[in-house]
Each structure stands twice: as C-alpha cells, then as structure tokens.
Amino acid sequence: MRNPQGYAVWVDPIAPIIERDTYTCVHCNAVVFVAPRQPPEGHCRPCNASICGACADAGVCTPFMKKIEEQETVDYHRRQNAKVLGG
Amino acid sequence: MAKYSAEINRTADAAKTVGSLSSDATTPRRSKLYEIICGCEAAPDDKAFKWTVTRTTAAGTSTPVTLFSLDAADAACLSDVGENHSVEPTYTGAEGLSIPLNQRATFRWVAKEGGEIIIPATANAGLGIRTPTAGAASAITATIFFQEE
C-alpha cells in the first residue's frame with residue numbers, strides 16, 4: 001500500500017516468508033495487515049487517514065488521539081484531587 | 001523520548017497472559033509500542049498459536065521484567081513490564097494486534113513513526129500480550145520495543 005505505517009513478517013523454515021504492510025487505525029489504534037496490492041479496509045475523510053473495517057462499519061469519526069487526551073485529562077485531575085485530599 | 005526493550009517468556013497457555021506493559025500508577029507516561037518479535041523456543045513442531053495484543057486497565061500481579069535501555073544515557077523507565085502473571089491483567093476492548101503463528105515460525109512487526117500502538121498516560125493503563133490459541137504447552141517468548149515520552 002502507499003505510505004504504510006508498519007511492516008510485518010512471518011518467517012517459517014519450511015514455508016515461504018510472508019511479508020505484509022500494516023497501518024494503524026486512526027480511530028481505534030488497531031494494527032491492520034494489508035495484502036499486496038490491496039487498499040486499506042477503510043478511510044476516514046475528516047481524519048484523512050486509514051481506518052479498520054470495524055471502524056469503517058461504525059461510520060462515526062472518533063479520533064483515537066482525542067480519546068487518549070480525554071482519558072489522560074480525567075486521570076490527571078483524579079490524581080491531582082487525590083493529592084489535595086491526601087489520598 | 002527514551003526507548004526500551006523487554007523480553008517476556010511463558011509456557012504457552014490459552015488462559016494466561018504472556019506479559020504486560022503498564023504505565024506507572026503514580027507518574028504515568030505515554031508509551032508507544034513500536035516493535036514486537038514473538039515465537040517459540042521449543043523444538044519446531046506444527047502447532048497453531050494466536051498471539052494478541054490487547055489494552056489493559058489494571059496490570060494484575062506478575063514478575064517484574066528488567067528493561068533494556070536502548071540508550072544507556074536515558075533515565076530509568078517509569079513504565080512496568082511483567083511476565084508470569086499470577087493475577088491476570090484486566091483487559092478491555094478489542095484486540096489491537098492479532099497474529100496467527102505456527103510454533104516453528106517467528107513473527108516480527110515494526111511500526112513507522114505515527115503507526116505505533118499508544119498507551120495513554122493514565123495510571124495502570126497498558127497492553128497485555130496473550131496467546132488465546134495455544135496449540136501446545138511450549139516455551140514461548142516475545143520481545144517488545146517501546147518508547148516512553
């Protein structure tokens with residue numbers, strides 16, 4: 001695929017080596033293997049990036065980095081509150 | 001961003017975790033898993049395995065693994081890697097990486113910048129590496145490479 005985000009290889013001593021490009025879904029951060037000359041499973045237009053089949057079927061744009069930042073903010077405030085309250 | 005590697009080992013078991021990578025409980029840092037190499041140390045055989053990498057919200061109880069710093073000048077890693085879990089991690093969500101693998105084969109995945117599996121800077125958040133399909137109780141090994149921000 002064009003601009004793969006990763007590379008995977010299976011090495012078996014009694015079988016041909018299998019190599020695959022990979023990309024990471026921009027919605028769920030899952031790693032997707034792409035067969036040669038095949039397109040990604042899905043594409044998100046708002047993100048302008050490849051997504052996995054499950055996220056493509058969901059049809060909703062929920063960028064993973066946005067979810068990560070929200071989680072980190074919630075956890076940061078929880079830890080700060082715990083410090084203030086002496087927990 | 002410092003880079004580290006760790007080797008995790010286990011006798012393959014479909015119900016038990018091979019190893020886990022978790023953010024620190026008090027000073028969590030965002031980490032990015034960018035390479036994994038997995039395979040079996042036992043004599044070659046035609047047994048089917050499936051390796052998975054799944055998110056965890058709690059690390060469980062495990063034997064700590066000594067990390068190898070790729071740059072000796074880097075500070076000590078705050079994230080924890082554990083193996084041989086006596087209490088399983090708490091898993092959440094779907095598998096982020098699913099690898100079918102024959103016992104005689106070795107697998108390697110490496111990510112380019114921007115393609116890593118990200119662990120948020122949330123206390124105890126992490127990744128667990130399992131073999132939900134374990135064709136034999138063989139000695140299996142995985143080496144993971146990650147960077148901590």
Side-chain angles (χ1 to χ4, degrees), chain A residues 1-34 40-41 47-55 57-58 62-83 87, chain B residues 23-40 43-55 57 92-127 145 149:
Chain A
M1 63 178 284
R2 290 183 80 180
N3 301 320
Q5 289 181 302
Y7 166 80
V9 60
W10 286 260
V11 178
D12 187 324
I14 60 168
I17 290 173
I18 299 172
E19 296 176 293
R20 291 286 182 268
D21 288 334
T22 72
Y23 67 89
T24 307
C25 176
V26 76
H27 286 178
C28 68
N29 206 220
V31 176
V32 182
F33 299 111
V34 183
E41 291 180 357
C47 299
N48 193 23
S50 298
I51 55 177
C52 66
C55 291
D57 291 341
T62 51
F64 184 75
M65 289 312 298
K66 186 176 173 190
K67 288 187 255 188
I68 286 255
E69 284 158 12
E70 287 170 359
Q71 268 185 43
E72 289 176 347
T73 305
V74 166
D75 189 68
Y76 171 77
H77 288 301
R78 181 192 62 76
R79 283 183 284 114
Q80 292 298 105
N81 288 340
K83 274 187 198 171
Chain B
S23 294
D24 189 65
T26 48
T27 321
R29 287 222 185 124
R30 191 181 287 183
S31 298
K32 297 181 179 180
L33 177 71
Y34 66 88
E35 184 167 349
I36 181 167
I37 302 168
C38 52
C40 181
D45 198 357
D46 270 320
K47 301 291 182 192
F49 288 79
K50 177 180 164 187
W51 292 71
T52 60
V53 177
T54 312
R55 294 195 180 279
T57 53
T92 182
E95 294 153 358
L97 178 59
S98 183
I99 308 155
L101 191 65
N102 193 298
Q103 179 169 319
R104 67 174 77 247
T106 300
F107 172 84
R108 179 184 181 220
W109 167 74
V110 59
K112 209 168 77 169
E113 191 172 340
E116 306 96 336
I117 298 175
I118 301 171
I119 302 168
T122 303
N124 298 317
L127 297 170
F145 293 79
E149 296 190 357

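Naming: A, B, ... by sequence-line order, numbering from 1 per chain.
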To the nearest 0.5 Å, what is the distance between [atom1] ([X]) and [atom2] ([Y])?
X	Y	atom1	atom2	answer
B/N102	A/I14	CG	CD1	7.0 Å
B/R29	A/E72	CZ	CD	12.5 Å
A/E70	B/T122	CD	OG1	11.5 Å
B/Y34	A/T24	OH	OG1	15.0 Å
A/F64	B/I117	CZ	CD1	9.5 Å

* Against chain B, label A/Y23 side chain, backbone, both or neither, depending on which of its atoms sit under 4.5 Å from a heavy atom there. => neither

[X] versus [Y], closest heavy-atom pair with distance:
X	Y	value
A/N29	B/R55	OD1-NH2, 2.8 Å
A/G6	B/W109	CA-NE1, 4.5 Å
B/E95	A/A30	O-CB, 4.3 Å
A/Q71	B/P120	OE1-CG, 3.3 Å
A/R78	B/A123	NH2-CB, 3.6 Å

* Within the distance-only criterion (no hydrogens, no angle test), does the side chain of A/W10 pair as donor or acceptor with the backbone N or O of B/P100 below 3.5 angstrom? -> yes

* To do: Side-chain contact test, heavy atoms from C-beta onward, threshold under 4.5 Å: evaluate it for B/F107 versus A/D12 and give yes or no.
  => no

* Asked: Are the side chains of A/V11 and B/R108 in touch, meaning some heavy atoms are under 4.5 Å apart?
  -> no

Got more than 12 heavy atoms from elsewhere within 6.0 Å of [atom1], [X]?
X	atom1	answer
B/K112	NZ	yes
A/K67	NZ	yes
B/E113	CD	no

